[in-house]
Amino acid sequence: VQLQAFGGGLVQAGDSLRLSCTASGRAFSSCGMGWFRRAPGKEREFVAAISVSGTNTDYSDSVKGRFTIARDNADNTVYLQMNSLEPEDTAVYYCAGVLSMFRRSSTFTDSSQYNYWGQGTQVTVSS
């Protein structure tokens, strides 16, 4: 599975952005998906995850209530809707996938669990 993330940009605090991640190959519908981010000088951190089935989602405390993850298996795409952006959200955002065809309702928050990674898209939030 090859992943390509896009949709980042420069916005002001309080604005919204929607990131998209498209996947090649038929395995996407068997992958749990996640978004991670790496801010300058910081470790990569978990942002959001969605199960294979799309019925379960998980969020980091820092984005809960502001970000929403969703997927469209027909289009091989996972989205991250980001509202009420804050300067602290500035980072490179990565989408990731983990084969989990037998755990269709599980979400994965540990980056080491993921098999596939996109190239990242920069999000910059100015104050």
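Hydrophobic clustering of Ile, Leu, Val, Met, Phe, Trp and Tyr side chains at less than 4.5 Å, counting indirect connections, unites Val78 with Val1. In this structure, Val47 is a member of the same hydrophobic cluster as Leu85, with clusters built from ILVMFWY side-chain heavy atoms closer than 4.5 Å.
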Step by step, work out the side chain to side chain contact (heavy atoms under 4.5 Å, CB included) result for Val125 and Asp15.
CA-CA 8 Å; Val125 185; Asp15 286 350; over 6 Å; no
Stepwise side-chain hydrogen bond (donor to acceptor under 3.5 Å, both in side chains) check, Ser16 with Asn83
CA-CA 4 Å; Ser16 298; Asn83 298 331; 2.9 Å; yes
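Within a 6.0 Å radius of NZ in Lys64, other residues, nucleotides and ligands contribute more than 12 heavy atoms. Taking a 6.0 Å sphere around CD of Gln2, one finds it holds 12 or fewer heavy atoms contributed by other residues, nucleotides or ligands.
Contact between Leu19 and Met82 at its shortest, heavy atoms only, is CG-CE, 3.7 Å. Heavy atoms only, all atoms of each residue included: Tyr59 and Thr68 are closest at OH-CA, 3.3 Å. Summarising the geometry of Thr77 relative to Ser20, their closest heavy-atom pair is CG2-CB, 4.3 Å, with the distance given to 0.1 Å. Pairing each heavy atom of Cys31 with each of Val52, the nearest pair is C-CG2, 3.4 Å. Considering all non-hydrogen atoms of both residues, Ser105 and Ser51 come closest at C-CB, 3.6 Å.
In this structure a side-chain-to-backbone donor-acceptor pair under 3.5 Å is present from Ser126 to Val11. Looking only at distances, no side-chain donor or acceptor of Ser30 sits under 3.5 Å from a matching main-chain atom of Met101. Side-chain N or O atoms of Ser53 include one that pairs as donor or acceptor with a backbone N or O of Arg104 at under 3.5 Å. No donor-acceptor pair under 3.5 Å is formed between the side chain of Thr124 and the backbone N or O of Thr90. At distances below 3.5 Å, at least one donor-acceptor pair connects side-chain atoms of Asn76 with backbone N or O atoms of Gly25. Checked by atom type and distance alone, the side chain of Asn73 never pairs as donor or acceptor with a backbone atom of Ser29 at under 3.5 Å. Side-chain atoms of Gln119 come within 3.5 Å of backbone N or O of Ala5 as a donor-acceptor pair. In this structure, Asp58 contributes its side chain and Ala49 its backbone to no donor-acceptor pair below 3.5 Å.
Thr22 contributes atom OG1, which lies 5.0 Å from atom CD of Gln4 (distance to the nearest 0.5 angstrom). Separating the SG atom in Cys95 from the OH atom in Tyr79 is a distance of 12.5 Å, to the nearest 0.5 Å. For the atom pair CG of Leu3 and OG of Ser24, the computed distance is 7.5 Å after rounding to the nearest 0.5 Å. Atom CZ in Arg37 sits 9.0 Å away from atom CD in Glu88 (nearest 0.5 Å). Remark: Asn115 CG to Phe108 CZ distance equals 9.5 Å, nearest 0.5 Å. With rounding to the nearest 0.5 Å, the separation of OH in Tyr116 from CE in Met33 is 10.5 Å.
Considering only heavy atoms from C-beta on, Ser111 stays 4.5 Å or farther from Glu43 through its side chain. The closest side-chain heavy-atom distance from Leu17 to Phe67 is not below 4.5 Å.
Cation-pi geometry between Arg71 and Phe28 is satisfied (NZ or CZ under 6.0 Å from the ring centre, within 45° of the ring normal).
Residue Phe36 forms a ring pair (Phe, Tyr, Trp, His ring centres under 6.0 Å) with just one option from Tyr93, Trp117, Tyr94, and that option is Trp117.
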